[in-house]
Amino acid sequence: MTLPKLEMQTGPAKTTRGRVFSGARPTGRQHLGNYLGAIKNYVALQDEYQCVYSIVDLHALTTMELTKGLRENTFDMALDWLAAGIRPDENIIFIQSHVPQVTELHTILSMVTPLGKLTDLPTFKEKVRQQPHNVNYGLVGYPVLMAADILLYHADAVPVGDDQRQHLELTRDVAQRFNHLFGETFTIPEAMIPLSGGRVMGLDDPTVKMSKSETSSEYHAVYLLDPPDRARKKIMRAVTDSGRDISFSNDPERAGVNNLLEIYEALTGKSRSEIEAHFAAARGYGDLKSEVADVVIAALEPIQQRYREITGAQDYVDSVLAKGAERAGAIAQSTLDAVRDKMGFMKAYS
Ligand code: TRP
């Protein structure tokens, strides 16, 4: 296959479509949890919006863990996004730190953000509990940097997990406050919270969210690039319970079966009652696992195919990211020019 040229399609169709912005921290190779929680949704949104997707490497710095292998993790994540079907020609995919205007906007927005709002956030309190030895200044400002991302690109809508809802609220508050103080400048973004498929649990431990963690076993997560036999093996080994009832439930004892059913639901798009009726005749959890493995493998197949095409095209990812930063940079600079002008900064000598 010949990978297409990266030319931005502009014109009236784009401006009426609205813009989506989302960001994710660079975690390297992507797994089923990343796919069903975010990427699948990112891909679908491309049909309706102009999408700006950012790998937020500056945000990674608040968790120093994530800076291990930062460069590879950033690149691998971009590659997996492209393989999963993000289309860079009509949209923008870029690395956050490649457009440094976000840091200037962060500084400016930090002056209109009450500190108490940041320290009251449950996400902040949770981090303080997790890393009491490393409560840095940037950690408190994390949501302001996120607000700067969103506002810099004039996003109309932001697809995020439920855990980010309050950050979106803060973004709206800050934007409104700025607009009120200095005149209409920012678009007020709406949150888009996915209805299901948002939270895939670990296959080896269905009480924790599927994540890339050095402490988890090799049966914890299915990666997008896992060959079919490996993916199947992981699913067949998934922890369940000693019963045999195949139905959705909130019972923590039955979290394993519920997780498998939710994966099946997200990938097939079938209704819960259809799914339960379908598995009513199953002989046990083995049948469920085997069918879940089938749909997972079928979903991974085109991703792995595209991955092979991309990795075969030399420098393709680099050219996508370079073009993405250029396009994002143009939008960012024009927003920042407007911000500086509204606030009455003296014009820079150029
Ligand atoms: N805070 C988000 C997270 O931890 C990542 C993020 C950074 C983001 N900037 C963003 C999400 C802008 C949406 C929009 O998952």
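Each residue takes its place number in the sequence, starting with 1. Atoms within a ligand are numbered from 1 in the order they appear, just like the ligands themselves.
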Sub-4.0 Å atoms of ligand 1 with respect to non-hydrogen atoms of R25: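 Atoms satisfying the 4.0 Å criterion: 4 (O).
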D149 N/O to ligand 1 N/O under 3.5 Å: yes
Pair T74, D57: side-chain N/O donor-acceptor within cut-off below 3.5 Å: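 No.
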Out of all atoms in ligand 1, which are within 4.0 Å of some heavy atom of F21? Include the element for each. 12 (C), 14 (C)
Please state which protein non-hydrogen atom is closest to atom 10 (C) of ligand 1 and give its distance, to 0.1 Å? M146 CG, 3.5 Å
Can a donor-acceptor pair be found between the side chains of E301 and Q305 at a distance below 3.5 Å? no
Below 4.0 angstrom from a heavy atom of I150, which ligand 1 atoms are there? Numbered from 1 as shown, please.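 Atoms satisfying the 4.0 Å criterion: 12 (C), 14 (C).
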Any donor-acceptor N/O pair, N179 side chain to F186 backbone, under 3.5 Å: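 Yes, N179 side chain to F186 backbone: donor-acceptor pair under 3.5 Å.
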Hey, quick one: are L36 and Y223 part of the same hydrophobic cluster, counting side-chain heavy atoms closer than 4.5 Å, chains of contacts allowed?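 Different hydrophobic clusters.
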Atom 4 (O) of ligand 1: nearest protein contact (heavy atom, Å): Y142 OH, 2.6 Å
A147, G23, S54: member with heavy atom nearest to atom 8 (C) of ligand 1: G23
Between S247 and R254: side-chain donor-acceptor atoms closer than 3.5 Å: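 S247 vs R254: donor-acceptor pair found between side chains.
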I want to check something: taking the side chain as every heavy atom from C-beta on, are M210 and N259 in contact at a cut-off of under 4.5 Å? no
Which atoms of ligand 1 are found less than 4.0 Å from any heavy atom of V56?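 Matching atoms, with element in brackets: 7 (C), 9 (N).
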Assigning hydrophobic clusters by single linkage (Ile, Leu, Val, Met, Phe, Trp, Tyr; side-chain heavy-atom cutoff under 4.5 Å), is I92 placed with V56? no
Note the single closest protein heavy atom to atom 15 (O) of ligand 1, along with its residue, its atom name and the distance in Å. Q164 NE2, 3.6 Å
Pick one of side chain, backbone, both or neither for how D163 approaches ligand 1, counting any non-hydrogen atom pair under 4.0 Å. neither
Between V158 and ligand 1, which residue portion shows a heavy-atom distance shorter than 4.0 Å: side chain, backbone, both, or neither?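 For V158, the contact with ligand 1 is made by the side chain alone.
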Side-chain donor-acceptor contact under 3.5 Å, Y285 with D241: yes
